[in-house]
Amino acid sequence: MTSNNAFYAQSGGVTAVINASACGVIQTCRKYSDRIGTLYAGHNGIIGALTEDLIDTSLESDEAIAALRHTPGGAFGSCRYKLKDIETHRSQYERLIEVFKAHDIRYFFYNGGGDSADTCLKISRLSEHMGYPLQAIHVAKTVDNDLPITDNSPGFGSVAKYIATSTREAALDIASMCSTSTKVFILEAMGRHAGWIAAAGALASETNDGPPHMILLPEVPFDRQRVMAHIDAAVKKHGYCVVVVSEGARYEDGTFLADAGNTDAFGHRQLGGVAPTLAGMVKQDLGYKYHWAVADYLQRAARHLASAVDVEQAYAVGQRAVECALEGKNAVMPAIQRDSEDPYSWSIIDAPLERVANQEKFMPAEYIREDGFGINDAGRRYLRPLIQGEDFPPFENGLPKVAKLRLERITKKLPEYHL
């Protein structure tokens with residue numbers, strides 16, 4: 001039995017398919033058990049490594065690990081905890097290396113977005129500086145679809161499918177009642193700086209004339225007068241107006257429409273709900289009856305409506321992460337490459353973390369309609385393949401079945417550590 005153990009952790013907001021990546025990592029580690037010993041999972045992400053709160057995944061049954069593929073949430077616990085810079089908080093990084101040494105961990109797999117890629121890169125550099133052999137591989141994940149290099153980010157296809165489906169279904173509801181009831185429906189989608197998720201609402205209709213009649217993106221400055229005029233025109237033409245708005249919609253000066261005045265653990269501004277803010281404008285400026293909804297956690301937890309393409313890609317990047325480590329690679333992220341659009345095909349490439357960490361990919365101008373209130377055909381061609389296929393979870397007693405893990409902790413070897 002090899003003593004080269006591995007560590008896996010989940011970071012940031014979870015997705016409907018992050019556990020499919022976990023499944024890919026764990027099953028591939030088990031496949032190469034002659035080269036990888038025990039795979040430990042950090043309880044609550046990188047915090048689990050700092051506090052030596054490690055889960056022994058070898059005690060989980062093959063059946064339970066396979067069930068991760070159709071289980072939403074973060075099976076091992078995630079966290080919003082960004083490691084500070086090495087220069088002023090070196091002790092944190094040295095603590096990580098101490099934990100890895102104590103448990104013979106030589107492979108580090110971190111499943112997250114841009115901030116996680118930065119952490120992974122820093123750990124890779126520090127281990128090299130300290131002379132401790134550790135290969136750090138980033139496993140891509142984010143519903144925001146804002147990671148660079150990769151064509152799309154695992155987790156996005158499923159949330160896009162959910163938003164497009166919800167937009168279509170809600171539009172039918174509004175259309176059936178608009179003559180005597182609600183005239184304007186507003187759906188708020190995630191997306192702080194990039195409008196990919198809100199843009200996916202456009203797939204609810206085959207043409208630009210159908211609902212949603214307006215999509216508000218962070219990439220296009222909000223102009224209240226223009227927005228209200230567009231909503232008013234849609235109501236007069238169709239009898240109702242469906243709006244999908246990104247939580248990060250902002251004014252020309254960069255101010256969010258719904259800035260709550262706080263920041264989260266990553267230093268990002270906390271947003272207070274753009275849908276009710278916009279609804280208030282509709283009431284004040286137009287006087288129309290309205291309804292609004294915030295998809296919130298529902299959009300990223302909806303595994304029952306996951307895109308089959310997304311599930312397959314999430315598993316594939318987890319699998320490839322282990323293969324990268326075994327090939328001796330370090331500080332890389334398995335990324336998705338679009339090889340063909342019609343028919344859609346893709347493959348995995350290895351992206352250097354130097355080009356991924358702390359970078360954001362925004363909706364390109366060539367995907368946005370000239371009026372700024374939606375996407376064009378090029379945007380549709382990019383988005384449509386990502387929501388294809390259904391990968392329904394097994395159901396029991398009318399509800400989706402999920403993985404049931406033991407989550408047994410290892411015995412700690414080091415002194416207690418306080419964050």
Side-chain angles (χ1 to χ4, degrees), residues 2-12 15 17-42 45-46 49 57 65 68-69 76 96-97 100 103-129 132-142 147-155 310-339 346-359:
T2 178
S3 62
N4 288 340
N5 299 324
F7 173 87
Y8 166 81
Q10 300 171 323
S11 175
T15 79
V17 299
I18 188 173
N19 289 330
S21 292
C23 181
V25 169
I26 297 170
Q27 288 186 338
T28 309
C29 282
R30 290 185 175 187
K31 178 181 176 182
Y32 295 102
S33 59
D34 58 326
R35 300 178 63 188
I36 299 176
T38 302
L39 173 65
Y40 300 111
I46 199 68
T57 69
I65 296 304
L68 286 175
R69 188 171 174 129
F76 302 104
L96 290 175
I97 300 300
F100 297 156
H103 297 280
D104 295 319
I105 291 170
R106 306 298 175 132
Y107 305 111
F108 177 83
F109 304 112
Y110 207 27
N111 202 171
D115 288 315
S116 307
D118 177 61
T119 297
C120 199
L121 180 60
K122 287 175 177 174
I123 289 173
S124 166
R125 288 172 173 169
L126 182 70
S127 65
E128 185 176 349
H129 178 74
Y132 180 75
L134 181 76
Q135 288 163 255
I137 312 295
H138 185 242
V139 185
K141 174 270 335 173
T142 176
L147 287 172
I149 302 181
T150 187
D151 174 75
N152 58 284
S153 302
D310 195 26
V311 175
E312 186 179 354
Q313 291 178 340
Y315 184 92
V317 297
Q319 178 182 43
R320 179 59 192 159
V322 178
E323 293 171 350
C324 282
L326 293 176
E327 290 170 9
K329 296 184 178 181
N330 195 8
V332 298
M333 179 189 81
I336 298 161
Q337 175 176 275
R338 185 175 300 213
D339 298 321
W346 55 277
S347 57
I348 301 290
I349 59 173
D350 303 328
L353 284 184
E354 290 92 341
R355 295 179 55 201
V356 177
N358 299 311
Q359 303 293 322

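As a basis for the values below, the full set of heavy atoms in this structure was taken, side chains included, without hydrogen atoms, waters or symmetry mates.
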Could you pull out all residues at least two apart from S124 that satisfy side chain to side chain donor-acceptor pair (under 3.5 Å)?
N330
Would you name the heavy atoms of [X] and [Y] that are closest together and state the gap between them?
X	Y	answer
Y8	A22	OH-CB, 3.4 Å
G113	T142	CA-CB, 4.5 Å
C324	P334	SG-CG, 4.3 Å
Q135	A325	NE2-O, 2.6 Å
L147	G112	CD1-O, 4.3 Å
D310	S153	OD1-O, 4.4 Å

Pairwise side-chain contact, C120 with L353, heavy-atom cut-off 4.5 Å (strictly under)
yes
Are L126 and L96 packed together at the side-chain level, in the sense that at least one heavy-atom pair is separated by less than 4.5 angstrom?
no
Residues which pass ring pair (Phe, Tyr, Trp, His ring centres under 6.0 Å) with F7, listed by chain and number, not counting sequence neighbours
F100, F108
Evaluate side chain to side chain contact (heavy atoms under 4.5 Å, CB included) for I97 paired with S127, printing each intermediate quantity in order.
CA-CA 7 Å; I97 300 300; S127 65; 4.0 Å; yes
Distance (rounded to the nearest 0.5 Å) between [X] [atom1] and [Y] [atom2]:
X	Y	atom1	atom2	value
I26	F76	CD1	CZ	4.0 Å
T38	I105	OG1	CD1	9.5 Å
T28	I36	OG1	CD1	8.5 Å
R355	M333	CZ	CE	10.0 Å
D118	H138	CG	NE2	9.5 Å
T15	Q10	OG1	CD	8.5 Å

Donor-acceptor pair, side chain of [X] and main chain of [Y], under 3.5 angstrom:
X	Y	result
T150	I336	yes
S21	A314	yes
N5	H103	yes

Taking side chain to side chain contact (heavy atoms under 4.5 Å, CB included) as the definition, give me every residue that meets it alongside E354, ordered by chain and number, with sequence neighbours left out.
L121, R125, P352
With sequence neighbours left out, the residues meeting side chain to side chain contact (heavy atoms under 4.5 Å, CB included) with I349 are I149, A335, Q337
Test side chain to side chain contact (heavy atoms under 4.5 Å, CB included) on I348 and Q319 and set out the steps.
CA-CA 10 Å; I348 301 290; Q319 178 182 43; over 6 Å; no
Assess the residue pair C29 and Y107 against the criterion (side chain to side chain contact (heavy atoms under 4.5 Å, CB included)); give the C-alpha distance rounded to whole Å, side-chain angles, the decisive distance to 0.1 Å, and a yes or no.
CA-CA 10 Å; C29 282; Y107 305 111; over 6 Å; no
Not counting sequence neighbours, which residues clear salt bridge (Lys or Arg N to Asp or Glu O under 4.0 Å) with R338? List them please.
D151, E341
Sequence neighbours excluded, which residues qualify as salt bridge (Lys or Arg N to Asp or Glu O under 4.0 Å) partners of R320?
E323, E327, D350
Decide side chain to side chain contact (heavy atoms under 4.5 Å, CB included) for R30 and I65; before the verdict, give the C-alpha distance in whole Å, the side-chain angles of both, and the deciding distance to 0.1 Å.
CA-CA 11 Å; R30 290 185 175 187; I65 296 304; 3.7 Å; yes
